[in-house]
Amino acid sequence: MEKISSTVCFGGEQLRFKHFSASLLCEMTFSIYLPQQLATGVDTKLPVLYWLSGLTSTDENFLQKAGAQKIASELGLVLVCPDTSPRGDEVPDDPEGAYDFGLGAGFYVNATEEPWKKHYQMYDYVVEELPALINKNFPVDGNKQSIAGHSMGGHGALTIALKNPDKYKSVSAFAPIVSPVNCPWGVKALGNYLGGDIADWLEYDAVNLVRNATQPIPMLIDQGTADDFLEEQLKPSRLVEVCNQVGYPLNYNQRDGYDHSYFFIASFIESHLRFHSAILELPI
């Protein structure tokens, strides 16, 4: 790893690193916030929350806009933010330059189709490679990790947690894409990355994964009623319905007047961090 930047923030340290990813076959960046408890020099390992950002974002958006560091430092919670896709001149992009596919839009899947499969292995990167790197180089407790995200990143957080309930203690999302097989963003991304077999798409669809879940974990979702993407792309009612049907432990909040922006995330990020912290602090 190579350190790109370091900034003191709420008694802790906000850092950014780059490294070569064996999963994505390109150089990647990630941001990490180490709370004030680690500045004391005490030999301790802290729980960690992975945050997955949405379309067009990078590893920096959440930590620059959400205002999460103050509460994370109070709670003793490490925050890790990967980038949203592989990067570099050799990494293919949407041929028409659209924002909803290619660079900045990895959708946290393992691509199986050309020309995407060489680099677009974001699922493996988030689930396996990045946590191994974090656990090796930072004072985190790898047995106490949770995951959260926004929009496309909310889709990623939900599907990754649902597919790996042994790895994550809790999951939360802001305005997630809950059923990509039923929305334009998802159909475009999954069709290109995974091919034409919808059975393959369903492996990355939170509604389908909840319906078949055998080991539930605590789940928190916030959704704004003034979100421009609510009806066409996000469709949270599908997830609420299936959770009610199978008895999945979903805490769903409908926030009147809030949109899809980081103003929405900043308004409720404290409740999400406290939700995760309370669960992560429980005895293993």
Check whether [X] and [Y] end up in the same hydrophobic cluster, where Ile, Leu, Val, Met, Phe, Trp and Tyr are linked by side-chain heavy atoms less than 4.5 Å apart.
X	Y	result
Phe20	Leu130	no
Tyr108	Trp51	no
Ile160	Leu162	yes
Phe275	Ile221	no
Ile265	Leu220	no

Item to check | Test side chain to side chain contact (heavy atoms under 4.5 Å, CB included) applied to Pro176 and Leu158, Val171, Leu52, the passing residue | outcome: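 Of the listed options, the one satisfying the test is Leu158.
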
Mind listing the side-chain donor-acceptor pairs of residues 249-258 below 3.5 Å, one per line with the distance, residues two or more places apart or on another chain?
from   : atom 1 : to     : atom 2 : distance (Å)
Asn253 : ND2    : Asp222 : OD1    : 3.1
Arg255 : NE     : Asp222 : OD2    : 2.6
Arg255 : NH2    : Asp222 : OD2    : 3.1

Could you work out, with side-chain contact (heavy atoms from CB on, under 4.5 Å) as the rule, every residue matching [X], not counting sequence neighbours?
X	answer
Ala175	His150, Gln223, Asp227, Leu234, His260, Phe264
Pro184	Glu232, Gln233
Glu231	none

Would you confirm whether [X], through its side chain, and [Y], through its main-chain N or O, come within 3.5 Å as a donor-acceptor pair?
X	Y	result
Glu2	Phe17	no
Lys144	Leu280	yes
Asp205	Trp201	no
Gln14	Ile32	yes
Lys235	Ser179	no
Glu27	Gly88	no
Glu270	Ile71	no
Asp124	Asn110	no
Ser85	Gly104	yes
Asn135	Ala132	no

Checklist outcome for this item: Quick note, salt bridge (charged side-chain N to carboxylate O under 4.0 Å, His left out) partners involving residues 63-90, not counting sequence neighbours, are Glu74-Arg274, Asp83-Arg87

Is there a side-chain contact between [X] and [Y] in this structure, where contact means two heavy atoms from C-beta onward sitting under 4.5 Å apart?
X	Y	result
Leu133	Lys136	no
Cys81	Tyr33	no
Gln145	Tyr168	yes

Next on the checklist: How about CD on Glu96, more than 12 heavy atoms from neighbouring residues, nucleotides or ligands closer than 6.0 Å, or not?
Outcome noted: no

Next on the checklist: Other residues, nucleotides and ligands only: do more than 12 of their heavy atoms fall within 6.0 Å of OH on Tyr99?
Outcome noted: yes

How many angstroms lie between atom [atom1] of [X] and atom [atom2] of [Y], to the nearest 0.5 angstrom?
X	Y	atom1	atom2	result
Leu79	Tyr50	CG	OH	11.0 Å
Ser146	His272	OG	NE2	12.5 Å
Gln69	Gln64	CD	CD	9.5 Å
Leu77	Leu34	CG	CG	11.0 Å
Leu230	Asp259	CG	CG	11.5 Å
Ser172	Ile269	OG	CD1	6.5 Å

Heavy-atom closest pair, residues [X] and [Y]:
X	Y	value
Ile147	Ala157	CG2-O, 3.7 Å
Asp141	Lys45	N-CB, 3.9 Å
Gly76	Pro47	O-CD, 3.7 Å
Cys26	His119	CB-ND1, 4.5 Å
Ser170	Ile279	CB-CD1, 3.7 Å
Thr84	Met122	C-CE, 3.8 Å

Next on the checklist: Quick one, Arg16 with Phe30, criterion side-chain contact (heavy atoms from CB on, under 4.5 Å). Give me CA distance, side-chain angles, the key distance, then yes/no.
Outcome noted: CA-CA 6 Å; Arg16 194 174 189 225; Phe30 69 87; over 6 Å; no

Checklist entry - Taking it one step at a time, do Asn164 and Tyr123 satisfy side-chain contact (heavy atoms from CB on, under 4.5 Å)? => result CA-CA 11 Å; Asn164 299 275; Tyr123 178 88; 2.8 Å; yes

Between side-chain atoms of residues 189-198 and protein atoms elsewhere (two or more places apart, or another chain), which donor-acceptor pairs fall under 3.5 Å?
from   : atom 1 : to     : atom 2 : distance (Å)
Asn192 : ND2    : Lys188 : O      : 2.8
Tyr193 : OH     : Gly102 : N      : 3.2
Tyr193 : OH     : Ala105 : O      : 2.8
Asp197 : OD1    : Ala199 : N      : 2.9

Next on the checklist: What I want to check is whether the side chains of Ser23 and Glu128 have a donor and an acceptor closer together than 3.5 Å.
Outcome noted: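 The answer is no; no qualifying pair exists.
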
Item to check | Intermediate values then yes/no, side-chain contact (heavy atoms from CB on, under 4.5 Å), Arg211 and Val207 | outcome: CA-CA 6 Å; Arg211 183 177 289 115; Val207 170; 3.8 Å; yes

Next on the checklist: Let's go through Phe107 and His155 carefully: what are the C-alpha distance in whole Å and the side-chain angles of both, what is the deciding distance for ring pair (Phe, Tyr, Trp, His ring centres under 6.0 Å) to 0.1 Å, and is it a yes or a no?
Outcome noted: CA-CA 8 Å; Phe107 268 81; His155 142 77; 5.6 Å; yes

Next on the checklist: Please evaluate residues Thr29 and Thr58 with respect to the criterion side-chain contact (heavy atoms from CB on, under 4.5 Å), reporting the C-alpha separation (whole Å), side-chain torsions for both, the decisive distance (0.1 Å), and the verdict.
Outcome noted: CA-CA 9 Å; Thr29 58; Thr58 70; 6.0 Å; no

Checklist entry - Which class fits the ring pair Tyr262 and Phe62: parallel under 30°, tilted 30 to 60°, perpendicular over 60°? => result tilted

Next on the checklist: Against Phe101, only a single residue in Tyr120, Trp185, Trp116 fulfils ring pair (Phe, Tyr, Trp, His ring centres under 6.0 Å); can you say which?
Outcome noted: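 Per the ring pair (Phe, Tyr, Trp, His ring centres under 6.0 Å) rule, the option paired with Phe101 is Trp116, out of Tyr120, Trp185, Trp116.
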
Checklist entry - Is Lys163 positioned over the aromatic face of Tyr204, cation under 6.0 angstrom from the ring centre and no more than 45 degrees off axis? => result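 Here Lys163 passes the 6.0 Å and 45° test against Tyr204.
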
